[in-house]
Amino acid sequence: MSSEINCIALIGKQNNPLYIKNFSTTHPDLKYHYIAHTSIDVIEERVASGPKNLDSYLGLLYAMEDLAVYGYITNTRVKFIVVVSVTDGIIRDAEMKAIFKKVHAAYLSQVCNPFYNLDSQKSLGGKAFVRAIDNIGAHARVTLDI
């Protein structure tokens, strides 16, 4: 069995939304904005209570209805959130880590642009970045262990 990605969100180090992409046709965009901002609290709690040599991948943050929310944090405190639809089964951490590495690579290619201002409050919107995130969301499937 496989599951699909419903949303990919990037939240800035000052908890401002940098990019939120809804791949679902059944849930409205507002729901994923709510999930992204709810995830910030869980991520900050894990980072504050965890060891200082914390792995970037935070794993399953929480599950809600038919959705599982996973988190990742960069060294610069930018948060990545991936929402996956699940039915019955367990998602492998190795597959989620691979998805987060792809999202991180797309983010790095955007911020390495010499014309991009890291400290701006603007959302990410480069064509290559949007295309990369769309590609990840459209083609990445997560295998479920039953």
Side-chain angles (χ1 to χ4, degrees), residues 1-25 27 29 31-113 116 118-146:
M1 276 188 92
S2 69
S3 184
E4 61 187 31
I5 294 175
N6 282 13
C7 176
I8 296 175
L10 283 76
I11 306 295
K13 59 185 170 185
Q14 297 165 342
N15 295 334
N16 55 315
L18 296 176
Y19 187 78
I20 299 177
K21 174 67 177 181
N22 179 1
F23 296 102
S24 170
T25 57
H27 297 293
D29 290 345
K31 180 171 186 155
Y32 293 112
H33 281 268
Y34 170 75
I35 289 171
H37 284 289
T38 306
S39 301
I40 292 170
D41 295 333
V42 178
I43 290 171
E44 288 180 351
E45 182 180 309
R46 286 209 186 158
V47 170
S49 67
K52 294 300 177 199
N53 59 355
L54 183 68
D55 184 23
S56 294
Y57 175 68
L58 300 172
L60 179 67
L61 300 177
Y62 62 92
M64 133 182 198
E65 300 167 8
D66 60 340
L67 303 172
V69 182
Y70 287 85
Y72 183 94
I73 189 166
T74 67
N75 292 340
T76 58
R77 298 292 178 228
V78 175
K79 300 149 196 81
F80 301 160
I81 297 154
V82 173
V83 182
V84 180
S85 63
V86 291
T87 50
D88 294 326
I90 300 169
I91 297 172
R92 297 184 187 119
D93 278 343
E95 291 183 10
M96 288 307 299
K97 284 182 182 181
I99 290 170
F100 278 116
K101 289 197 184 292
K102 290 177 185 176
V103 172
H104 198 173
Y107 172 73
L108 284 176
S109 68
Q110 172 69 26
V111 298
C112 286
N113 180 345
Y116 178 75
L118 272 175
D119 295 325
S120 76
Q121 296 288 328
K122 295 189 313 184
S123 58
L124 298 169
K127 291 179 185 176
F129 174 76
V130 171
R131 195 173 27 246
I133 295 296
D134 286 345
N135 189 28
I136 293 167
H139 301 312
R141 295 286 181 260
V142 181
T143 307
L144 297 175
D145 286 337
I146 298 175

remark   = The reported gap from CG in Leu58 to CD1 in Ile43 (rounded to nearest 0.5 angstrom) is 6.0 Å
task = Before giving the answer on side chain to side chain contact (heavy atoms under 4.5 Å, CB included), spell out for Val84 and Ile99 the whole-Å C-alpha distance, their side-chain angles and the decisive distance to 0.1 Å.
result = CA-CA 11 Å; Val84 180; Ile99 290 170; over 6 Å; no
inquiry  = If you count every heavy atom of other residues, nucleotides or ligands that lies below 6.0 Å from Tyr34 atom OH, does the total exceed 12?
reply    = no
request  = Could you pull out the closest heavy-atom pair between Leu60 and Ala68, with the gap in Å?
outcome  = CD1-CB, 3.8 Å
ask   = Minimum heavy-atom separation for Met96 to Ile91, with atom names?
value = CG-CG2, 3.6 Å
task = Just say parallel, tilted or perpendicular for the rings of His104 and Phe80, cut-offs at 30° and 60°.
result = perpendicular
task = Kindly indicate whether the side chain of Val103, heavy atoms from C-beta on, has any atom under 4.5 Å from the side chain of Leu10.
result = yes
task = Grab the two heavy atoms, one from Ala9 and one from Ile20, that are nearest each other, plus how far apart they are.
result = CB-CG1, 3.8 Å
task = For Ile5 and Ile136, work out which heavy atoms get closest and say how close.
result = CD1-O, 4.1 Å
query = Does atom CD of Glu44 have more than 12 heavy-atom neighbours from other groups under 6.0 Å away?
reply = yes
inquiry  = I want to check something: taking the side chain as every heavy atom from C-beta on, are Ser56 and Lys97 in contact at a cut-off of under 4.5 Å?
reply    = no
query = Do Phe23 and Asp134 pass the side chain to side chain contact (heavy atoms under 4.5 Å, CB included) test, and can you show the C-alpha distance, the side-chain angles, and the key distance before you say yes or no?
reply = CA-CA 8 Å; Phe23 296 102; Asp134 286 345; 4.0 Å; yes
ask   = So Ile73 and Arg46, side chain to side chain contact (heavy atoms under 4.5 Å, CB included) or not? Walk me through it.
value = CA-CA 11 Å; Ile73 189 166; Arg46 286 209 186 158; over 6 Å; no
Worked verdict on Tyr32 versus Ser24 for side chain to side chain contact (heavy atoms under 4.5 Å, CB included) = CA-CA 10 Å; Tyr32 293 112; Ser24 170; 3.4 Å; yes
inquiry  = Nearest 0.5 Å, please: how far is CD1 in Ile81 from CD1 in Ile8?
reply    = 11.5 Å
remark   = Rounding to 0.5 Å, atoms CG (Asn15) and NE2 (His37) come to a distance of 8.5 Å
request  = Over all heavy atoms of both residues, which pair between Ser39 and Leu61 is shortest? Give the atoms and the distance, please.
outcome  = CB-CD1, 3.9 Å
query = Are any non-hydrogen side-chain atoms of Val69 and Met64 less than 4.5 angstrom apart?
reply = no
ask   = Taking side chain as C-beta onward, heavy atoms only, is Tyr107 less than 4.5 Å from Val78?
value = yes
Validation row: Thr74, Lys13 side chains within 4.5 angstrom (heavy atoms) = no
inquiry  = Rounded to the nearest 0.5 Å, what separates atom CG in Asn6 from atom OG1 in Thr25?
reply    = 8.5 Å
message = Centroid separation under 6.0 Å, is that true for the rings of Tyr19 and Phe129?
response = yes
